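Read the structure below first, then the notes.
A quick note: this is a predicted structure, and the numbers were derived from the prediction, not measured. Reminder, nothing fancy here: chain letters follow the sequence lines and each chain counts from 1. Keep in mind that the numbers below use all heavy atoms, side chains included, and drop hydrogens, waters and symmetry copies.
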Number of protein chains: 2
Amino acid sequence: MQVAAVCEPRHDAPRSSHVVPIHVVPRTAATRYAVPRCSTCAMRAICMPPELTSDELSRLDTLICSTRSIKRGDALYRAGDAFQSIYAIRAGSFKTVVMHRDGREHVTGFQIAGDSLGFDGIGEGKQNCDAIALEDSVVCIIPFAQLEAICREMKPMQHHIYQMMSSEIVRESSQMMLLGTMSAEQRVATFLLNLSKRFKARGFSAAEFHLRMTREEIGCFLGMKLETVSRMFSKFQRERLVKANGKTIRIEDAEGLARV
Amino acid sequence: MQVAAVCEPRHDAPRSSHVVPIHVVPRTAATRYAVPRCSTCAMRAICMPPELTSDELSRLDTLICSTRSIKRGDALYRAGDAFQSIYAIRAGSFKTVVMHRDGREHVTGFQIAGDSLGFDGIGEGKQNCDAIALEDSVVCIIPFAQLEAICREMKPMQHHIYQMMSSEIVRESSQMMLLGTMSAEQRVATFLLNLSKRFKARGFSAAEFHLRMTREEIGCFLGMKLETVSRMFSKFQRERLVKANGKTIRIEDAEGLARV
DNA sequence: CGTTGATTTGATAACAGTCAAGTTCCGTGG
DNA sequence: CCACGGAACTTGACTGTTATCAAATCAACG
């Protein structure tokens with residue numbers, strides 16, 4: 001898994017009732033080159049409803065029949081492309097970028113391994129944003145028509161898709177609240193804590209991780225200029241809340257960061 | 001229809017391929033007090049996929065077995081309430097409000113007749129925000145478990161629900177872009193044009209309408225203070241783009257407003 | 001090991017927030 | 001129907017946060 005090179009996997013992964021820990025898949029030829037299989041995927045706990053029978057799982061294996069590798073900086077899809085598939089990130093990370101007609105860009109989200117991409121394309125039948133790889137990445141391709149067919153037959157899967165889309169709506173609501181009500185300082189603090197939480201949920205260190213995005217991309221996501229992002233990192237460093245060494249972030253005082 | 005008192009219905013409603021015009025339902029006892037029926041609902045074109053057979057439509061009538069009236073200022077639901085149903089607004093309007101733990105509030109959206117509410121509750125199994133009526137309103141109650149069952153059997157309905165949820169994601173992306181990249185002036189202009197478009201799609205005047213929300217609520221939605229909203233209205237008035245008389249808005253120069 | 005893009009930091013400017021005062025609107029009750 | 005009171009709105013003066021512009025430093029990569 002590429003992501004393993006980015007963030008040290010933790011073997012004392014949390015075992016809360018919500019987050020089923022993932023296990024690092026050995027880098028055997030099978031996991032790297034064979035037909036992808038949900039039944040053996042490390043991200044299954046994040047991608048799939050937990051209550052599937054092994055029978056149902058093997059049916060899903062027939063759904064996802066291909067993966068795709070995207071080089072850093074390349075687009076998985078572009079706004080306006082015909083919508084056909086949902087994507088699940090196997091390894092790597094992406095940003096989603098919407099563009100206004102006047103050329104203004106805005107980053108609507110950062111997605112890491114285990115996250116999904118493309119739900120915003122269903123409504124119009126075409127992609128609503130660009131999905132750009134922040135590092136060399138691999139996605140599972142999930143043809144949406146087939147997914148719909150499966151959802152008509154497998155109730156847990158149907159519900160799971162509704163839940164994923166609903167969670168996306170909730171996530172975006174939180175981001176609107178962040179953009180609408182928080183100071184630059186609070187936005188950056190919230191951003192770091194959110195990343196930390198997501199890495200932790202995937203079994204990586206919550207305290208130390210590498211940012212795959214630039215200050216400019218962070219600023220574009222948080223509604224501020226890159227200089228302001230940089231200043232906030234420096235400020236947190238002075239206050240001993242985080243240690244920021246370029247793209248390496250170490251959260252030294254999560255509680256303090258949350259109080260900002 | 002309550003909304004008719006607010007915005008004059010237009011009988012020369014647009015007939016684009018996307019927006020099927022709605023017809024104003026006569027205020028008979030049947031439409032006001034009888035069991036609600038999708039098959040005769042004025043909002044059907046907005047709520048429902050267009051290609052349903054009359055057979056399928058009458059099946060839907062069994063799904064929506066009740067409506068609910070909400071007085072101005074009252075909540076349809078509150079954040080934390082158990083999620084059970086989706087709501088379709090028959091008449092009136094709402095705001096959805098998310099609250100941060102520190103008490104900070106943010107308005108995530110304004111919904112008018114024909115819009116739906118509650119999709120953000122599916123993910124967690126509980127409501128994510130408060131839905132507050134901006135005027136006396138009526139909603140159709142759509143039990144979600146039943147809706148899911150119908151979606152497993154009726155492909156067009158299944159797809160329609162995915163489309164509605166996806167559109168909600170897209171709408172929120174646009175709002176994030178607005179909050180993240182636009183000046184106060186542009187935000188208010190965009191807000192007015194968006195409302196105008198939605199009224200037009202429902203057969204009301206695109207040029208003149210009544211705001212059901214306060215300046216404070218608008219500000220809370222657009223990420224600015226109520227004084228700033230007021231100043232922008234005054235500015236647009238000076239520039240002859242808009243005539244704002246309290247809550248009555250007349251858009252005098254839509255192109256000019258779009259250029260802001 | 002140089003070139004280029006990314007990041008940091010400082011100085012200044014602009015936009016929106018805050019505080020305050022006055023006005024208008026609207027619902028309620030007489 | 002009118003008068004009253006409170007909420008909503010407008011406007012002005014001042015303040016503060018963040019943007020802008022600029023320059024220096026750092027880091028990645030061919």
A:R198 with A:D115: basic N within carboxylate O range, under 4.0 Å: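 Looking at A:D115 together with A:R198, the answer is yes, because their closest N to O distance falls below 4.0 Å.
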Along DNA chain C (nearest heavy atom to each residue), the more 5'-positioned of B:A184 and B:R72: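 Its nearest nucleotide being more 5', the pick is B:A184.
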Nearest-Å distance, [atom1] ([X]) to [atom2] ([N])?
| X | N | atom1 | atom2 | answer |
| --- | --- | --- | --- | --- |
| B:I218 | D:dT10 | CD1 | P | 9 Å |
| A:K225 | C:dG10 | NZ | C1' | 19 Å |
| A:R215 | D:dA27 | CZ | C1' | 12 Å |
| B:L226 | D:dA8 | CG | C1' | 9 Å |
| A:L134 | C:dA6 | CG | P | 13 Å |
| A:M182 | D:dT18 | CE | P | 13 Å |

Under 4.0 angstrom between [X] side-chain N/O and [N] OP1 or OP2:
| X | N | answer |
| --- | --- | --- |
| A:S234 | C:dT9 | yes |
| A:K247 | C:dT7 | yes |
| A:T228 | D:dA19 | yes |
| A:R231 | C:dT9 | no |

Pairwise side-chain hydrogen bond (donor to acceptor under 3.5 Å, both in side chains) hits with a residue in residues 242-260 of chain B, at least two apart: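 Qualifying pairs, neighbours excluded: B:E208-B:R250.
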Heavy-atom donor-acceptor pair, B:E216 side-chain to D:dC9 base, under 3.5 Å: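 Side chain to base: no pair below 3.5 Å.
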A:Y87/A:F94 aromatic ring centres below 6.0 Å: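 Ring centres of A:F94 and A:Y87 not closer than 6.0 Å.
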Test item: A:F204 and A:F209 side chains (from C-beta on) under 4.5 Å apart, heavy atoms: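 Sidechains of A:F209 and A:F204: no contact.
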